[in-house]
Amino acid sequence: MKEIKITTTFEVFDSVTSLPSEIQSLMNQAIEIRKNAYAPYSRFRVGAAILLDNGKIVLGSNQENAAYPSGLCAERVAVFQAGAVYPSAKIVKFAISAASDTNPTLSPIPPCGACRQSIAEYEFKQETPIEIYFMGASGEVYKSNSINNLLPLTFDKTSL
């Protein structure tokens, strides 16, 4: 038997105001679009803002459905919209903010597993890492330089 050790590194910012100005703007858009979430069941709202290499910003918010799991997370709404509207653009930066209507969300909330896999697909496709910033309703913001920090053992087309 042998052992594999996997370590990841994140940068931690005290708040949105401690982020570089370009990222502050992107995160503020994620926070704002979070208000458009359709979340009558979970009452958990997520907003995502993506900066593309062409300078365009694509937004997404989670959209629930009474027929679980027919809804879609904010991250996948945004990443699929980017792929549909700007198929040749690369995703450069990704900002995510999550907040509960019923409980304080003061710790950074990372993307779920399905969203991580979807982001990984675009990172593989474009062959460049995507910077991912994520937070709760307020407080610290975590930065990952690549989806590989959040999904270290990736599944891609080479696995098929």
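Keep in mind it's a predicted model, so treat the numbers as computed, not measured. Heavy atoms only: backbone and side chains are in, while hydrogens, waters and symmetry mates are out.
In this pair, Phe13 and Tyr133 present their aromatic rings tilted. The plane angle is within the 30 to 60° band. In this structure, Phe80 and Tyr122 have tilted ring planes: the angle between them lies in the 30° to 60° band.
Side-chain N or O atoms of Glu131 include none that pairs as donor or acceptor with a backbone N or O of Asn145 at under 3.5 Å. Between the side chain of Gln24 and the main chain of Ser18, no donor-acceptor pair closer than 3.5 Å is present. Side chain of Ser97 to backbone of Gly136: a donor-acceptor contact under 3.5 angstrom is found. Remark: the backbone N or O of Ala89 is not paired with any side-chain donor or acceptor of Asn54 at under 3.5 angstrom. The main-chain N or O of Leu72 is never found under 3.5 Å from a side-chain atom of Gln63 such that the two would form a donor-acceptor pair. At distances below 3.5 Å, not a single donor-acceptor pair connects side-chain atoms of Arg34 with backbone N or O atoms of Ala48. Put simply, the side chain of Asp101 never gets that close to the backbone of Phe44: no donor and acceptor are under 3.5 Å apart. Using a distance-only test at 3.5 Å, with no hydrogens or angles considered, a donor-acceptor pair links the side chain of Ser70 to the main chain of Ala67. For the pair Asn62 (side chain) and Val46 (backbone), a donor-acceptor distance under 3.5 Å is present. No donor-acceptor distance shorter than 3.5 angstrom exists from the side chain of Gln81 to the backbone of Gly60, with no hydrogens or angles considered.
Ser61 and Val77 get closest at one heavy-atom pair: O-CG2, 3.6 Å. Residues Leu151 and Gln117 approach most closely at CD2-OE1, 3.7 Å, considering heavy atoms. Closest approach of Glu123 and Ser146 over heavy atoms only: OE2-OG, 2.6 Å. Summarising the geometry of Gly71 relative to Asn65, their closest heavy-atom pair is N-CB, 3.8 Å, with the distance given to 0.1 Å.
Side-chain contact between Leu59 and Ile57: present, with at least one pair of heavy atoms (C-beta onward) separated by less than 4.5 Å. Two residues are said to be in side-chain contact when any heavy atoms from C-beta on lie closer than 4.5 Å; Val58 and Val85 fail this criterion. Counting only heavy atoms from C-beta outward, the side chains of Ser138 and Ser15 never approach each other to under 4.5 Å. Side-chain atoms of Met135 and Ile31, non-hydrogen and from C-beta on, do get closer than 4.5 Å to each other. Residues Phe94 and Ile147 fail the side-chain proximity criterion, which asks for heavy atoms closer than 4.5 Å. Within the 4.5 Å cutoff, side-chain heavy atoms of Glu64 are placed close to those of Pro40. With contacts defined as side-chain heavy-atom distances shorter than 4.5 Å, the pair Ile96/Pro111 qualifies. Using a 4.5 Å cut-off on side-chain heavy atoms (C-beta onward), Val141 and Val12 make no contact.
Atom CZ in Phe124 sits 11.5 Å away from atom CD1 in Ile119 (nearest 0.5 Å). Remark: Arg76 CZ to Glu121 CD distance equals 13.5 Å, nearest 0.5 Å. Ser159 contributes atom OG, which lies 10.5 Å from atom CG of Leu153 (distance to the nearest 0.5 angstrom). Ser100 contributes atom OG, which lies 9.0 Å from atom CD1 of Ile109 (distance to the nearest 0.5 angstrom). With rounding to the nearest 0.5 Å, the separation of NZ in Lys143 from CG in Leu19 is 10.0 Å. We find the SG-CG distance between Cys115 and Leu150 to be 11.5 Å, quoted to the nearest 0.5 Å.
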What do the steps show when you test Ser144 against Asn149 for side-chain hydrogen bond (donor to acceptor under 3.5 Å, both in side chains), and what is the final call? CA-CA 6 Å; Ser144 172; Asn149 289 327; 3.1 Å; yes

Set out, in order, the CA-CA distance, both residues' side-chain angles and the distance that settles side chain to side chain contact (heavy atoms under 4.5 Å, CB included) for Ile6 and Ile4, then state yes or no. CA-CA 6 Å; Ile6 299 172; Ile4 299 171; 4.1 Å; yes

Kindly indicate, with the supporting measurements, whether the criterion side chain to side chain contact (heavy atoms under 4.5 Å, CB included) is fulfilled by Tyr142 and Glu11. CA-CA 6 Å; Tyr142 286 6; Glu11 292 178 42; over 6 Å; no

Pair Ile132-Ile130, side chain to side chain contact (heavy atoms under 4.5 Å, CB included): steps then yes or no: CA-CA 6 Å; Ile132 303 168; Ile130 298 169; 4.1 Å; yes

Lys93/Glu22 under side chain to side chain contact (heavy atoms under 4.5 Å, CB included): CA gap, chis, key distance, verdict: CA-CA 10 Å; Lys93 300 178 190 311; Glu22 177 186 47; 3.2 Å; yes

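Residue Leu160 qualifies as enclosed at atom CG: its count of foreign heavy atoms under 6.0 Å is above 12. Atom NZ of Lys125 sits in a crowded spot, with more than 12 heavy atoms from other residues, nucleotides or ligands closer than 6.0 Å.
With 3.5 Å as the limit, one finds a donor-acceptor pair spanning the side chains of Asp156 and Thr158.
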